[in-house]
Number of protein chains: 2
Amino acid sequence: MTETVPRPTLEAVAARAGVSRATVSRVVNGADGVTEPLAERVRRAVEELGYVPNQAARSLVTNRHDAIAVVVAEPESRVFADPFFARQLRGISRELTAHDNQLVLLLTEGRHDHARVARYLAGGHVDGALVFSLHLDDPLPELIQRAGVPVVFGGRPDWSGGGNGVVYVDSDNRGGARDAVRHLLGLGRDRVAHITGALDQTSAVDRLDGYRDAMADADPRLVAEGDFTLAGGERAMRELLENRPGLNAVFAANDLTAVGALRVLREHGRRVPDDVAVVGFDDMLPFAEQTDPPLTTVRQDIEEMGRLMARLLLRGLDRTAAARETVGGPPSSVIFPTTLVRRASA
Amino acid sequence: MTETVPRPTLEAVAARAGVSRATVSRVVNGADGVTEPLAERVRRAVEELGYVPNQAARSLVTNRHDAIAVVVAEPESRVFADPFFARQLRGISRELTAHDNQLVLLLTEGRHDHARVARYLAGGHVDGALVFSLHLDDPLPELIQRAGVPVVFGGRPDWSGGGNGVVYVDSDNRGGARDAVRHLLGLGRDRVAHITGALDQTSAVDRLDGYRDAMADADPRLVAEGDFTLAGGERAMRELLENRPGLNAVFAANDLTAVGALRVLREHGRRVPDDVAVVGFDDMLPFAEQTDPPLTTVRQDIEEMGRLMARLLLRGLDRTAAARETVGGPPSSVIFPTTLVRRASA
DNA sequence: CCCGGCGGTGAGAGCGCTCTTGCCGGGGGC
DNA sequence: GCCCCCGGCAAGAGCGCTCTCACCGCCGGG
């Protein structure tokens, strides 16, 4: 663990190149209006001294940080069991890196952390925030709004507070669910059950709505409440088998839930897909391919969603002309389409 | 996406409280030597104005950032399939949060990114770095060393460059592997095969060494090379069944590999554990519990390892007296013990 | 009763950078 | 040939904070 050595300053570079600080600054920041021979001298001096700009000093005057906070408001549950999180982070990281922004990760686990996160964001350490995994009546959006930090949500927030101007990126949960159920109906299954996700998240509610779209007059007892976990899927599946033993298909709110359902179905001697067809949601690889039988599921392009969130946020910051050209127009929410991936389970 | 409003400065608070900037600064930073009535006036002014210190200005003069970089040098592979990463992050996040440090996440995917990361660290944006997933002959440690940033590695780096002073936190991979194999031997299995991890990582090498410790005179054809992935596990298992069809146990370098092995064993009609006993490594939940049969595996306390890495790094920064008291002595590497978790597969 | 010391406070410098301002020199218009 | 304009550069202010240092008033000791 070495100690930091004093780093060269703009001043030092200027002295070595025999120019003023302003000129060095222009060269370093790629501004034009500097003649080539001078610029070259400056570049050489930068090289020789190993000069790296001091970001704190720069931020102090520009009031920009080139850093984005990623807030994951997840009390333990899905984040760990699910590569979802890592994938989305990767997408975000890629996009931010491409635009020379840093990623500051804020994980929260409870009310106390909310205040901390709000304070941090209000502290103006970052230029914007990407916020995930909101639950109903979560105070976070409100707090962030008040902090005055530009934000893009991952998943539709259940929050009317901001009225307009709330930007989010989400999958077409409802459409994907509808497709899944219609696929099951198309296979001739007439008793399609649904295991919901945690209904305090809009994604779960939307998937349930999609199910209902396709099953207009469904028996309410064909729906059991899960929580996006494997154990929840098992529990709900048992409940369904008890209440509606005649069911011949299950649409699970996510793959983890589907895996739980598969296990319970097997326990009860039901063959998949012969007796009961099963469809999941997420296409969580490599597990969706590796279940027994391989899982038919609804895929969403998670990484691309992450990238898009970052892009929308950066665009909202209105910074580079390039960013504006790329997308054009004021940022607005985006719903990603989903695809049904057919494997063996349905 | 709201725009940021101008935030109150120290100056403003001072004016409102009718004191000097210095006094406000003292109160805000918890220094003593301010009489109670004055301090109270200042606190009220802070409250009323909603003052939050400007970190950039502070960093500029203190040359501290209260931020730690987490570098994950993982080209795609394990990070996604494995909650490992998320778990460790959680541990790190908890510890950093407890010490009011921020977590700056740097994901890399290739040589090009190495330079970027090195530049970032050299730029003095963070006070230290936690570095993961190093591969053999990775240039990163060297670059970081040169950047002069205090660093703690996750997993033993294969790197003699720094000589002494390299601090890392690792599981007892060798001991864990030895325990796993001994457990298999104890079950009366005499032909224990091993599917390695990616041998360009020390964890894989150490687990292989542990296997060899317990299987001193093992047939070299009982070892097949994997890469920590499910597909790699399948491939290696096929190879083993071809070369040594008489094997009656497999120790897989991680759980994902073990799952691949289980699948291939089933394909070949071998019953687990009756014909072939299988042990994994990681105890990757909830999957390790949910394989068929549930997987016997070697558990490591991933989150605690993350916490400890953060703690060691912060201690190395020698900042708070409190941190020093908590641990005491100069930081040195730590090897975490592992536990064998017995389930049905062996 | 005077003076030295000390705790509490304020004034000011300066961290490293950006950006505005103004100067200086050269080229084109009349 | 003179003036004006404009491009290229340097000078300097100032971002918001910390920290040193000097100051001021009060106490106790001689």
Side-chain angles (χ1 to χ4, degrees), chain A residues 4-43 45-46 49-67 100 122-127 319-320, chain B residues 4-43 45-46 49-67 100 122-127 319-320:
Chain A
T4 333
V5 289
R7 296 193 292 126
T9 74
L10 244 206
E11 189 80 46
V13 177
R16 181 168 195 115
V19 299
S20 73
R21 285 203 317 274
T23 299
V24 177
S25 177
R26 276 188 279 262
V27 172
V28 168
N29 292 302
D32 42 32
V34 178
T35 50
E36 190 40 44
L38 258 202
E40 182 49 33
R41 278 229 306 280
V42 170
R43 278 192 291 267
V46 165
L49 294 170
Y51 170 74
V52 184
N54 180 320
Q55 184 62 34
R58 181 180 280 174
S59 289
L60 182 55
V61 39
T62 58
N63 207 25
R64 275 183 32 198
H65 305 83
D66 295 322
D100 276 317
H125 302 192
V126 294
D127 301 327
R319 293 213 294 227
T320 61
Chain B
T4 333
V5 289
R7 295 191 295 126
T9 72
L10 244 206
E11 189 81 45
V13 177
R16 181 166 197 117
V19 298
S20 73
R21 286 203 317 275
T23 299
V24 177
S25 177
R26 276 188 277 259
V27 172
V28 167
N29 292 301
D32 42 32
V34 178
T35 52
E36 188 44 38
L38 257 202
E40 182 49 34
R41 279 230 304 283
V42 170
R43 277 191 292 266
V46 165
L49 294 170
Y51 170 74
V52 183
N54 180 321
Q55 184 62 35
R58 182 179 278 177
S59 289
L60 183 55
V61 38
T62 59
N63 207 26
R64 275 184 32 197
H65 305 82
D66 295 322
D100 276 316
H125 302 193
V126 292
D127 300 328
R319 292 212 294 228
T320 62

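Chain naming here is simple, since letters A, B, ... match the order of the sequence lines and numbering starts at 1 in each. Heavy atoms only: backbone and side chains are in, while hydrogens, waters and symmetry mates are out.
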inquiry  = Any side-chain to backbone donor/acceptor pair from D127(A) onto H65(A)? Under 3.5 Å, distance only.
reply    = yes
Please list, chain by chain and in numerical order, all residues satisfying salt bridge (charged side-chain N to carboxylate O under 4.0 Å, His left out) with [X], sequence neighbours excluded.
{"X": "R26(A)", "result": "none"}
{"X": "R21(A)", "result": "E11(A)"}
{"X": "R16(A)", "result": "E48(A)"}

inquiry  = Of all nucleotides in DNA chain C that come within under 4.0 Å of a heavy atom of chain B, which is furthest toward the 5' end and which toward the 3' end?
reply    = dG8(C) to dG16(C)
Listing, residues 49-56 of chain B side-chain donor-acceptor contacts under 3.5 Å, not counting sequence neighbours, or none:
unit_1	atom_1	unit_2	atom_2	d
N54(B)	OD1	A56(B)	N	2.8
N54(B)	OD1	A57(B)	N	3.1
Q55(B)	NE2	S59(B)	OG	3.3

task = Assign each of V61(A) and A57(B) to its nearest nucleotide of DNA chain C by heavy atoms, then name whichever residue's nucleotide is nearer the 5' end.
result = A57(B)
query = Which pair of non-hydrogen atoms, one from D66(B) and one from D100(B), has the smallest distance, and what is that distance?
reply = CB-O, 3.7 Å
message = Can you give me the closest heavy-atom contact between A14(B) and V24(B), atom names plus distance?
response = CA-CG2, 3.6 Å
Using nucleotides 9-11 of chain D, report all nitrogen or oxygen pairs with the protein that are shorter than 3.5 Å.
unit_1	atom_1	unit_2	atom_2	d
dC9(D)	OP1	T35(A)	OG1	2.5
dC9(D)	OP2	G33(A)	O	3.2
dC9(D)	OP2	T35(A)	N	2.8
dA10(D)	OP1	S20(A)	N	3.4
dA10(D)	OP2	S20(A)	N	3.1
dA10(D)	OP2	S20(A)	OG	2.9
dA10(D)	OP2	T23(A)	OG1	2.4
dA10(D)	N7	R26(A)	NH2	3.4

inquiry  = I need the residues from residues 8-16 of chain B with at least one non-hydrogen atom less than 4.0 Å from DNA chain D; give them sorted by number, or say none.
reply    = T9(B), L10(B)
remark   = Intra- and inter-strand pairing of DNA chain C, written as dot-bracket with Watson-Crick and G-U pairs under 3.5 Å and | for the latter, reads ||||||||||||||||||||||||||||||
query = Can you name the side chain to side chain donor-acceptor pair (under 3.5 Å) partners of N29(B), sequence neighbours left out?
reply = S25(B), R58(B)
request  = List in chain and number order the residues that pass side chain to side chain donor-acceptor pair (under 3.5 Å) with S20(B), two or more places apart in sequence or in another chain; answer none if no residue qualifies.
outcome  = T23(B)
Return all side-chain donor-acceptor pairs below 3.5 angstrom for residues 33-40 of chain A, not counting sequence neighbours, or 'none' if the list is empty.
unit_1	atom_1	unit_2	atom_2	d
E36(A)	OE2	R43(A)	NH2	2.6
E40(A)	OE1	R43(A)	NE	3.4
E40(A)	OE1	R43(A)	NH2	3.3

Anything under 3.5 Å between a protein N or O and an N or O of nucleotides 22-28 of chain D, put it in a table, one pair a line.
none

